[in-house]
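What follows is a set of notes on a single structure, which appears directly below.
Bear in mind that the values here come from a model prediction, so they are computed numbers and not experimental data. Start at 1 with the first residue, then count along the sequence. First listed ligand is number 1; within each ligand, the first listed atom is number 1.
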Amino acid sequence: MITFESISAKVHATQRITAEEALFLFKSNDLLAIGELAARANSRKNGAHVYFNVNRHINPTNICVNRCAFCAFSRTAGEDGAYTLALNEICRRARDAEGEGATEVHIVGGLHPDLAFEFYEEALQAIRLTAPRLHIKAFTAVEIEYFSRISGMTVEMVLQHLIRAGLGSMPGGGAEILVEDVRQKICPEKISGGRWLEIIRLAHLAGLKTNATMLYGHVETFADRIAHMEMLRTLQDETGGFQAFIPLAFQTENSNLKLDIKGTTGLDDLKTLAIARIFLDNFNHIKAYWVMLGEKIAQVSLAFGVNDLDGTVIEEKIGHDAGASTPQSLTKEGIIRLIRKAGKIPVERDTLYHPLRSY
Ligand code: V47
Ligand code: SF4
């Protein structure tokens, strides 16, 4: 029989918990006990260190052929608010970011019907020339699959071209919930969960580190969240290529999901982060993305197993188009303060988690 004590004994003995045990935790409202287990699992890996980076997001276009039902960011070409940045504007933003102390640009966008694959290669090459010290973390598995389709190249070839142009790693977007019947409800046009995993696997085999996200708080069940995390855990056992797991709390405004969805609660956010820390024993980092969680829940999550607060971000669009009420960026000092006041040690990192400076 599963009990909290039997799960706790496993975590203390650094044994992996099962999907059934994770479900038991999701059904419990003993948040503090779950948080304590997660904090223990985290401190074994990361001690009191909490990572952040100085980064900037650039979304080259919001024009997208997929138009996922949940996505408030995307537009159809010609629609009000549709935009595509010119190459020199992308470079200007990267150069400014480097000048302001950023070590990373995070680049993701819509699946544009007319831009050729060469546009993306040229964008990376141009960034590398204008801002050579920046690490380029770019393109979700969904974009990589699309590049393969528009270029006629295999996914492996697309990855090789992008690496040669300057790609350093990949973010974790596009995963949503990898379970197929959930995808059919929220993003039927998007590549399948199986294909997302396969592309990430190929990226890991090509030597790229990636993250993995999970969009939660819409139509999915607890069992779906666990199935999602189990698929990631299995792939991580095989490749070791994931750096951080990032649960993304669903922002409800301007979505075309015609459902009565109220958004996540603080209890659900903290429980999800804590259970992720316990369940994903082969991930080094659990990231609280303050943009979607709010700064306060993100800070409190540092006592619930989280060891990464993402970064300064600057000009976040995806969550804000969907009603996120957080600022569009945080200053480095603001992030350091949140971490310090939580009794932890702030460590500025580069994209690959090399510590640059601790405070
Ligand atoms: O793929 C879209 C999600 C993702 C909404 O890897 C939404 O370091 C909440 O992946 N409410 C993009 N989420 C963001 C992302 C990310 C962010 C920060 C760090 C990293 C990383 C990755 O945002 C999309 C989608 O899953 N998303 N709409 C929404 N309304
Ligand atoms: Fe396009 Fe990504 Fe938005 Fe889906 S989530 S509509 S693929 S930008």
For the pair His218 and Phe250, name the ring-plane relationship: parallel under 30°, tilted 30 to 60°, perpendicular over 60°.
->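 Perpendicular.
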
Anything under 30° is parallel, anything over 60° is perpendicular, the rest tilted; go ahead and classify Phe147 against Phe117.
->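 Tilted, since the angle between the ring planes falls between 30° and 60°.
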
Between Cys187 and Phe70, the two heavy atoms sitting closest are CB-CE2, 3.9 Å

All pairs passing ring-ring contact (aromatic ring centres under 6.0 Å, His included) where residues 192-217 contributes a residue, at least two apart |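 Found His204-Phe242.
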
Contact list for residues 273-290, test salt bridge (charged side-chain N to carboxylate O under 4.0 Å, His left out), sequence neighbours left out |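 Qualifying pairs, neighbours excluded: Arg16-Asp281, Lys287-Asp310.
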
Pick from His135, Lys209, His106, Lys137: which one makes a side chain to side chain donor-acceptor pair (under 3.5 Å) with Ser169?
-> His135

Hey, could you give me the CD/CG distance between Glu98 and Leu134, rounded to the nearest 0.5 Å?
->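 The CG atom of Leu134 is 4.5 Å from CD of Glu98, to the nearest 0.5 Å.
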
Is there a path from Val347 to Phe52 through hydrophobic residues (I, L, V, M, F, W, Y) whose side chains come within less than 4.5 Å of each other?
->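 Different clusters.
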
Near atom 3 (Fe) of ligand 2, which protein N/O/S atoms are found at less than 2.8 Å?
->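 Hits for atom 3 (Fe) of ligand 2 below 2.8 Å: Cys71 SG.
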
Can you pull out the closest protein heavy atom to atom 5 (S) of ligand 2? Residue, atom name and distance to 0.1 Å, please.
->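 Checked against all protein heavy atoms, atom 5 (S) of ligand 2 sits closest to Lys190 NZ, 3.3 Å.
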
Starting from the C-alpha separation in whole Å, work towards a yes-or-no answer on salt bridge (charged side-chain N to carboxylate O under 4.0 Å, His left out) for Asp96 and Arg56.
-> CA-CA 10 Å; Asp96 287 355; Arg56 175 175 187 146; 5.1 Å; no

Measuring from each atom of ligand 1, which residues have a heavy atom under 4.0 Å away?
-> Phe70, His106, Lys137, Pro171, Gly172, Gly173, Gly174, Glu176, Asn211, Thr213, Leu215, Ile246, Leu248, Ala249, Phe250, Gln251, Lys287, Tyr289, Met292, Asp310, Ile318, Ala322

Looking at Phe279, does the NZ or CZ of Arg233 lie under 6.0 angstrom from its six-membered ring centre and within 45 degrees of the ring axis?
->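 Yes, Arg233 sits over the ring of Phe279.
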
